Each structure stands twice: as structure tokens, then as C-alpha cells.
Amino acid sequence: YLICAHTYPIDRQEALTMALETREIYAPLAGRLGMSRVESDLEDRAFEVLEPEKYTWIQNQIEAESKQWRSYVDRVCGILRQEMEKLGLKAEVSGRVKHAYSFYKKLLRNTDDIERLEDLKSAVDFSQIHDLVAFRILVESKRDCYAVLGHVHSLWKPKEGRIKDFIANPKP
């Protein structure tokens, strides 16, 4: 039995059904509503129930590297804040390390969708996973957005073929 948030026991099949529904319906809905933190949390909780061994392995990988990644995120956010001030732009800068399910999906894409955990472990090359951290710079106008994008590219050259223009082509 599992104990859910409402403190009543549910059987394994009911937990699996709820987790699958959460991953396929509620998490994407939260994402569409702009609630990315809720979406991430729902995906991770469903991942933990649906694929516990993979979840544990991914969590261990994240924990092993998270201090280094978080330090990097903090450092880059500081640089970006200073650069936005230099440009005279009012900007809100934030960064994050990707969450467990997002990290897992990224690994799958980089290993030709190998799903068996043992095969995945042997196929993963963490040095080839490039966007495990994410940065967000919120500004007041589309014009400012392009100014920031150009400036960021002058600081760090974008990887060939990896840049997506979500300003002109926003996510749904």
C-alpha cells in the first residue's frame, strides 16, 4: 500500500493509474497554464511512482553533480545581472538545474531512447548532455528581449544548431 497526501491507503495499481494520469494530463496542463514549477513537481512525483528504479538512479546522478551545477547557475546569474545593469535594462534573472524527469527525458533523447536502466547506464555520456541548467531573463519588451539575446550571444557563443528563437516562435 501507498499513503497519499490525503492519508488514506491506496493500492499499487491505483497509484500507478494516478501517476500515469498525472504525467499525461495534469503536468502538461500545468505547463500550458504557465505553472512550470507545478508541472516539474507533478512530473517528478509521477516518475518516482511509475519508474522508481530510474527515478532513484537519476536522483543520485543529480545529487552527485548538483553542488557544481548550482554553483555554476549562481555564478552565471550574477554575471547576467551585472550585464543587464550595464545595458540599462530592467531585468529579472533566474537559473535552475533541471528536475529529475526533465533530466531523464534529456538522457533518453541523447541515447536513442534506450529505456532499459542497465543499457541506459552504460550508454550515457554525461559530457554530451549540454542543457541540464536553464536560465531565464525576463524583460519588459520584445525589443529588450532581442537586445538581451544578442548580448548573451556576445558573451557566450551559442552552440551550432542548438539555438531556438522562442521570442519569434514562443512555446504554446
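Source: prediction; values computed, not measured. Values below: all heavy atoms of this structure, side chains included; hydrogens, waters and symmetry mates excluded.
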Would you kindly confirm whether Val97 and Trp156 end up in one hydrophobic cluster when ILVMFWY residues are joined by side chain heavy atoms under 4.5 Å apart? yes

Interatomic distance, OG1@Thr22 vs CG@Asp44, rounded to 0.5 Å, equals 12.5 Å

Inset, instruction - Verify, without hydrogens or angle tests, whether Ser102 (side chain) and Lys98 (backbone) share a donor-acceptor contact under 3.5 angstrom. - result: no

In terms of heavy-atom contacts, Ile62 and Ala100 come closest through CD1-CA, 3.6 Å

*Mind checking whether Phe135 and Tyr72 have parallel, tilted or perpendicular rings, split at 30° and 60°?*
perpendicular

request  = Give a yes or no on this: more than 12 heavy atoms of other residues, nucleotides or ligands lie within 6.0 Å of atom CZ of Arg37.
outcome  = no

d(Arg70 CZ, Asp74 CG) to nearest 0.5 Å is 9.5 Å

CZ (Arg75) and CG (Leu80) are apart, to the nearest 0.5 Å, by 12.0 Å

Heavy-atom closest pair (Ala46 atom, Ala19 atom, distance to 0.1 Å) is CB-O, 3.3 Å

Residue pairs passing the ring-ring contact (aromatic ring centres under 6.0 Å, His included) test with at least one member in residues 23-51, sequence neighbours excluded, are Phe47-Tyr55, Phe47-Tyr101, Phe47-Tyr104

**Message:** With a 4.5 Å cut-off on side-chain heavy atoms, are Val49 and Arg12 touching?
**Reply:** yes

inquiry  = Does Glu21, at its CD atom, have more than 12 non-hydrogen atoms belonging to other residues, nucleotides or ligands within less than 6.0 Å?
reply    = yes

One should read off an interatomic distance between Leu108 CG and Lys54 NZ, to the nearest 0.5 angstrom, of 6.5 Å

Gly95 and Cys77 have their tightest heavy-atom pair at N-SG, 3.4 Å

So CG of Leu29 and CZ of Arg32: to nearest 0.5 Å the spacing works out to 9.0 Å

CD (Glu53) with more than 12 external heavy atoms under 6.0 Å: no

message = Under 4.5 Å between side-chain heavy atoms, counting indirect links through other Ile/Leu/Val/Met/Phe/Trp/Tyr residues: same cluster for Phe166 and Leu33 or not?
response = no

Item checked: Val73 side chain reached by Arg96 side chain, heavy atoms, under 4.5 Å -> no

Less than 4.0 angstrom from a charged side-chain N to a carboxylate O is my criterion; do Asp41 and Arg45 meet it?
yes

**Any Asp144 side-chain heavy atom under 4.5 Å of Leu87 side chain** = no

Sorted by chain and number, sequence neighbours left out, salt bridge (charged side-chain N to carboxylate O under 4.0 Å, His left out) with Arg116 holds for Asp119

Q. Between Glu43 and Arg23, does at least one N-O distance fall below 4.0 Å, as a salt bridge requires?
A. no

Same cluster (ILVMFWY, side-chain, under 4.5 Å), Trp69 and Ile79
yes

Hphob cluster co-occupancy, Leu138 + Ile167, side-chain heavy atoms under 4.5 angstrom: no

Closest heavy-atom pair, Leu16 versus Leu50, reported as atoms and distance to 0.1 Å, is O-CD2, 3.6 Å

To the nearest 0.5 Å, atom CD of Gln61 lies from atom NZ of Lys121 at 8.5 Å

request  = Check whether any side-chain heavy atom of Ile137 sits under 4.5 Å from a side-chain heavy atom of Val152, and report yes or no.
outcome  = yes

Here the pair of heavy atoms bringing Glu39 nearest to Ala27 is CG-O, 3.3 Å

Q. Is a donor on one side and an acceptor on the other found under 3.5 Å between the side chain of Arg81 and the backbone of Val93?
A. yes

Report task. State yes or no: do Val38 and Ile25 share one hydrophobic cluster built from I, L, V, M, F, W and Y residues joined by side-chain heavy-atom distances below 4.5 Å, directly or via other members? Result -> yes

Smallest heavy-atom separation, Cys145 atom then Val139 atom, equals N-CG2, 3.5 Å

Applying salt bridge (charged side-chain N to carboxylate O under 4.0 Å, His left out) to Glu48 and not counting sequence neighbours gives none

